[in-house]
Amino acid sequence: MADPASTPLGKMLLEEITPVVMVLCTPYVEESCLKNGLSLIQLLSPFCDFTNIDVPVRTASDQPYRLRKFKLRLFYSSDIRQPNLEVAKERLKKVITHVGEKNFLESSDPSQVNNLLSRPESEMLPSWFQFFNKELVRTLSFSDHEAFDHPVACLLVVSSKDDEPVNRFVDLFNTNKLPSLLNDSAMDPKIMKHYLLLHDNQDGPFNKATKLLADMRNAFGQNDCQIICFNSSQDGKIHHQDNPWAPFKSDALPTENLGCFLNLDDLNEIKDFMQELSSKHIIPYMEQKIRVLNQQVSATRKGFRNQIKNLWWRKGKEDTIDTPNGPVYTFNSIESQIRILGDYAFMLGDYELALSNYRLISTDYKLDKAWKRYAGVQEMMGLTYFLLDQSRKDAEYCMENAFNTYLKLGSAGRRNATRCGLWWAEMLKTRDQLKEAATVYFRICGEDTLHSAVMLEQASFCYLLSKPPMLHKYGFHLVLSGDHYKKCDQIKHAIRTYRSAIPVYKGTTWSLIKDHVHFHIGQWYALLGMYDVAVTHMLEVLASTHQSKTTQELFLRDFLQIVQKTGKTFEVLKLQLPVINISSLKVIFEDQRTNASAAAASVKESLWHSLEEDMIPSSTARSNWLELQSKIIPRKYKESNICVAGEALKVDIEFKNPLQIRISVSSVSLMCELSANPEEDANSSNNEVQNNEDRTSTSSGDINSCLILSEVGFSLEGGETTVVQLTVTPRIEGILKIVGVKWKLSSAVVGLCNFEFNPVNKRVVRGRRKQHSPSSDLKFLVIKSLPRLEGFIHSLPEKTYAGDLRPLVLELSNQSKFPVKNLKMKISNPRFLYAGNQKELNADFPACLKKKMNVEKSGSHANVNKTLQNLFHFPEDISVQEETSLSWPLWFHAAVPGSIPLYITIYYEMEGVSSIMKYRTLRMHYNLQVLPSLDVSFQLSTRPSRSQEFLLRMDVVNKTTSECFQVHQLSSVGQQWEISLLQPVDSILPSQSLFAGQSLSCFFMLKDRRRSSTSEDSIPSLSHIQSDVRLGPQDNSEAFFDVSSSPLADFHDCERSSQGMSSQGCEYKVDFVFIAQLPKGNRDSSSNAPLVFSHHACDCSPSSMSPISWLVDGPRTIQHNFSAPLCEVNLKMTITNSSDAIASVHINTFDSPSSNNQPIDDATTSQPPEHQSGWSEIPIVNDTKIITTEALTTRVPKSLSLESVPQYIWSGTSSTKLVLQPRSTAEIPLQICVFTPGIYDLSNYVLNWILTPVNDGENQGEANKSSGVCQGYPYYLSVLESNFKD
């Protein structure tokens, strides 16, 4: 450790524990001194501190030492008394208040913690701490239990103007005027006296003063009298550059010129006097006093005999009752003499002698239970240990012992404990025990709130300076200190300490204490009338999501009250309430791509691009359209967005209320800048629209302004999030930049938020672009106004049932002054929406869908404007003129249930309007919810007995919860199929209505007239083929719906296309259209016409359909007299080839059981099962839409009797072969012989066939099914015994 005397504590001790000189003077003396603006003591005090004095000193030992530093403390006799407690507190309060005012005016923003730690310790610590500590120590001056405040000498000063100066000296030391401590025997009144004659050169010549000095020396001694002549300046205009009196006159005005009559000679004379007084009078006097007292103490207390005597004399005192003040000791008691000896030795720097006497007297005070004196001695012992730089442990023990002893005395020792604590803390700080020093400061805190505030603040700096810094405790103690300052109405100190704590909690998770700091700083600034700064701090706690609802209400209410008191509207950048999610920012603007609704704008650009790539001109489809305009668009703005004057740009922004309470937000609008294009008009003036900070914009709705901005307002409940759409409409050409958004919170504070964000999170609804700076995404090149179509589809339902078929109207409106032409439209899902013909616009629905009488079928139903890409071209003569609208019919069909999105793009061109844009597109988007309605399924089975006939089963289930459908008709698509009911619908569904949850099963006969075209029967004309079946009342004359004409035929083609089916290769397949209706009044529509529902089934066919079919014909029952030798039965097999290939057919018959089984097994194992046919049971219809029979499997022959002789045999040829030409029929005779009556199954034959294509490369679908084997189907013959004989 460095020299203890050079440490802060050592310097304080050398300043505060020094000899006291009592000053007595006459009024004329003070009058002469006041000419310089100073009292006598103020005049002399700067010259009482000797830092370079060199005086030999010899106290108790024979070895002298040299005193290098010395100081005197001067007091008027009236001030030598214990200070009044209230007056002392008031003086300290003034000191703190003055420092608070000064530091508050000089305060700046708090430094970051790292910056603060990088400073030297002297710059970190407030300089007024030491001053306050000294003032606090001085409040304990002139205690009766301590001797270092007892006067060592008395300086009597008389003016040369006084009458009879010698008598005046005698009168000054009158006992009636002496301090009470001297008169009460607490202090020794027999002290050294020194006489000074003060001559004011302004009052006359020096001769008179010389004579008076001689009289004084005759009366009081030659060495004890001196004279000082001062005020030598005649005009009083001397100005001292280095004012030595400033520290001693705190109330001096800045303009006051202290020492104005004192020239340099006067100052030197005063200085020489004080140095002579110290070195030649006071120090020798104290040396002599120490030697005398030491001899007395040695004679009475030192030595073994004296110690035993002292202990014996004090025996029994430990049993006495403690009193607050303890025994009373006079100045001439041995205990007081020892204490004086110790204090004198301490003040002269003989710390060894001082420590020995403190030890000696400490035991006496402890035995006498003079606890205050005991604590005082322990305190001095600790300081002596420190200055001797000896045992730290002993020093700290003495200080802690003294501190605790003072505290035990209660209020009587509280102030002494504070002084002891201050010295103890300084001692620990000197030894770098900062954490322990902070603990001592904390222990000093007591009943006096103001003093506690200062101690807590000093403790906080100890934590800051500790190694490593204890930042949390530093900030916490600052907050505690500020709270104590506020309780004492020291608001500026409270603000200062709280502001110092801000960097500690900045960027940490200690959110509660951070909110506490900012909130109270804001309140305190408001109390001082500094509302601007108050609002700044209150803003920090507005978005405190971690606070309770009550606390959040308090924060917001106080914030609004402070703002209201300001009487003006605050604009706050990055206001945290509400929270704006900039990453959700979505800019919606229109260049050549326009949107009919917000829903269309939210669709991904890639989807629109894929839909439009076949519509827009081929040159622009391969490249960015902006790149083609490089010669037209200014080079600086090639990568800017393009927008059109008069068309609104929309910005979607997400606002979130982070609090639990409701907030009100109003006047939300964008901040924008609009300027002229400098490359187009370099001389034009800037038309930028600005707010108060050159950043935005015109008033909402001002039609004369360059911009039209929308304003919205809303309220947010606790935790609520809402997306707000704001618009800006430029009215002139130029460069538009969207800067940010502003809003007003609770109609009091304007919040501003600039759009500064990471470009990765920003979304701009626009086409593909090159990478560029994020700022350009919010910068737009505004071009002149262009035509813009607005589109709407009337009567398009948001929710409907599957199968719903209805007409719609597309309305396109052109509000501009220019026409548009070359219209094209593309629909993403033609299964649901289809463009009609213009003649269908006012057609009567549903009558327009029904068959017309006596009208020839065209054989073609397709819309001539439809292409394979579902692109609809409006007629060339169709255009949308200026300020008119165009209506066009659409057909809607709810094909399947589910959530169905519809995307529609309309392309149109403009001529002679803009050199940048030649065309535009209108995008429309609708979301439909299609609910399940009727579940229709079909099952088709071959009929073995009729090769051209099929059995059709239709199952219909009403899957709605409340609707009742009327079944109307079932139609087969195409003109080669004839369909008829097997039983009347009235018997199955008497009400003709299918209620919710009800099901219906119907059976139909389906005939393929084309397959029978090669037979000998006459073929009915196509117009007479019945391809429709009425499912309603049979006597109803209402026409059938025409499934072969638009729109039913068009939607059916779309169904086939969506299922991947083509019109090729469907020769043996059939499509069905089932039509039902909702009765009048059962629909959400203003029209009374019923709703029409069409359900389409494609490619219904029995999967076992074979190109070779046959029919066995003959008798079913015969009678025969078996007494005759033979019963022959003739049969006929008709074989039909329905394919376009040549068929080779081989028929094998089997008689015996062995021959009946084995060949069939061989056949089945040698041929794939899918090439086998026959009759099988029809399975129950399940929930699938289309159900056909499984492949007619090979029938397993029944187990036959093991008899060796068969009961019948095939008597004709056992194997027959023939060749059938394409689509031909042949007959083969068959014969059996029956030997006994019975019922016989004539199915024991196998038909093998092989198809050979007529020409190579044709009919490849049939070639894959080139061969097959078929088991004979059951043919039961009953043979009876006849009762007569031939």
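FYI, the numbering just counts along the sequence from 1.
- We find the CD1-OH distance between Ile616 and Tyr919 to be 4.0 Å, quoted to the nearest 0.5 Å.
- Taking both residues in full, the closest heavy atoms of Val563 and Ala748 are given as CG1-O, 3.7 Å, listed atom of the first, atom of the second, then distance.
- Looking at Gln576 and Leu542, their side chains never come closer than 4.5 Å, going by heavy atoms from C-beta outward.
- Panel note: side chain Thr921, backbone Thr905; no donor-acceptor pair is recorded below 3.5 Å.
- For Met538 against Phe555, the heavy-atom pair with the smallest separation is CE-O, 3.8 Å.
- Val723 places none of its side-chain heavy atoms less than 4.5 Å from the side chain of Ser584.
- Contact check for Thr594 versus Tyr908: side-chain heavy atoms found under the 4.5 Å cut-off.
- What you find for Asn754 and Ile582 is that their closest heavy atoms are O-CD1, 3.9 Å.
- Using a 4.5 Å cut-off on side-chain heavy atoms (C-beta onward), Tyr903 and Arg923 make no contact.
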Worksheet entry | Pair Leu707-Leu736, side chain to side chain contact (heavy atoms under 4.5 Å, CB included): steps then yes or no | CA-CA 9 Å; Leu707 293 177; Leu736 174 65; 3.9 Å; yes
Discussion item. side-chain hydrogen bond (donor to acceptor under 3.5 Å, both in side chains), that's the test. Do Ser675 and Glu673 meet it? Break it down for me.
Written reply: CA-CA 7 Å; Ser675 58; Glu673 296 174 355; over 6 Å; no
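- Remark: the backbone N or O of Cys753 is not paired with any side-chain donor or acceptor of Trp743 at under 3.5 angstrom.
- Between Arg788 and Glu590 there is a salt bridge, with a side-chain nitrogen of the basic residue lying less than 4.0 Å from a carboxylate oxygen of the acidic one.
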Item to complete: Show the numbers, then the answer: is there a side chain to side chain contact (heavy atoms under 4.5 Å, CB included) between Ile562 and His537?
Response: CA-CA 11 Å; Ile562 293 174; His537 286 278; over 6 Å; no
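- The closest side-chain donor-acceptor pair between Gln881 and Ser879 falls under 3.5 angstrom.
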Discussion item. One pair to check against side chain to side chain contact (heavy atoms under 4.5 Å, CB included): Phe519 and Leu554. What are the steps and the verdict?
Written reply: CA-CA 10 Å; Phe519 176 68; Leu554 172 66; 4.0 Å; yes
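- In terms of heavy-atom proximity, Thr551 sits nearest to Ser548 at OG1-OG, 2.9 Å.
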Worksheet item: salt bridge (Lys or Arg N to Asp or Glu O under 4.0 Å) between Arg593 and Glu605: does it pass, once the steps are laid out?
Response: CA-CA 10 Å; Arg593 291 157 280 220; Glu605 179 64 27; 3.5 Å; yes
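- When all heavy atoms of Leu812 and Gly791 are compared, the pair lying nearest together is CD2-CA, 3.9 Å.
- The NE2 atom of His518 lies 10.5 Å from the CZ atom of Arg499; values are rounded to the nearest 0.5 Å.
- Put simply, the side chain of Leu833 does not reach to within 4.5 Å of the side chain of Asn829, judged on heavy atoms.
- Side chain of Glu720 to main chain of Asn657: no donor-acceptor pair is present (N/O by atom type, distance under 3.5 Å, no hydrogens or angles).
- Using a 4.0 Å cut-off between charged nitrogen and carboxylate oxygen, Glu540 and Lys514 do not count as a salt-bridge pair.
- Not counting sequence neighbours, Gln564 has no partner by the side chain to side chain donor-acceptor pair (under 3.5 Å) test.
- Here His472 contributes atom NE2 and Tyr505 contributes atom OH; the two are 5.0 Å apart, rounded to the nearest 0.5 Å.
- Side-chain contact between Phe755 and Val741 is present, with heavy atoms from C-beta onward closer than 4.5 Å.
- With Tyr907 as the aromatic partner, Lys824 meets the cation-pi criteria of under 6.0 angstrom to the ring centre and within 45 degrees of the ring axis.
- Between Leu585 and Val651 there is a side-chain heavy-atom pair separated by less than 4.5 Å.
- When atom types are taken as modelled, the side chain of Arg920 and the backbone of Asp591 share a donor-acceptor pair closer than 3.5 angstrom.
- A distance of 10.5 Å separates CE of Met615 from CH2 of Trp608, quoted to the nearest 0.5 Å.
- With sequence neighbours excluded, the residues that form a ring-ring contact (aromatic ring centres under 6.0 Å, His included) with Phe655 are Phe714.
- To the nearest 0.5 Å, atoms CZ (Arg662) and CD (Glu553) are separated by 12.5 Å.
- Using modelled atom types, one side-chain atom of Ser500 and one backbone atom of Arg496 make a donor-acceptor pair closer than 3.5 Å.
- Salt-bridge formation is detected for the pair Lys817/Glu883: a Lys NZ or Arg NE/NH1/NH2 atom is positioned less than 4.0 Å from an Asp or Glu carboxylate oxygen.
- Considering only residues two or more places apart in sequence or on other chains, Trp524 meets the ring-ring contact (aromatic ring centres under 6.0 Å, His included) condition with Tyr498, His520.
- Side-chain atoms of Asn641 and Val587, non-hydrogen and from C-beta on, never get closer than 4.5 Å to each other.
- In this structure, the side chain of His925 does not engage the main chain of Ile904 through any donor-acceptor pair within 3.5 Å.
- Within the model, atoms CD of Glu717 and CD1 of Ile663 stand 10.0 Å from one another, a figure rounded to the nearest 0.5 Å.
- Under the 3.5 Å distance criterion, the side-chain polar atoms of Gln552 are matched with a main-chain donor or acceptor of Gln547.
- At distances below 3.5 Å, at least one donor-acceptor pair connects side-chain atoms of Ser816 with backbone N or O atoms of Phe818.
- Heavy-atom neighbours of Tyr926 OH from other residues, nucleotides or ligands within 6.0 Å: above the threshold of 12.
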Discussion item. Set out, in order, the CA-CA distance, both residues' side-chain angles and the distance that settles side chain to side chain contact (heavy atoms under 4.5 Å, CB included) for Val668 and Ile653, then state yes or no.
Written reply: CA-CA 11 Å; Val668 185; Ile653 310 174; over 6 Å; no
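- Annotation for Leu928 and Pro797: closest pair CD2-O, 3.1 Å, computed over non-hydrogen atoms.
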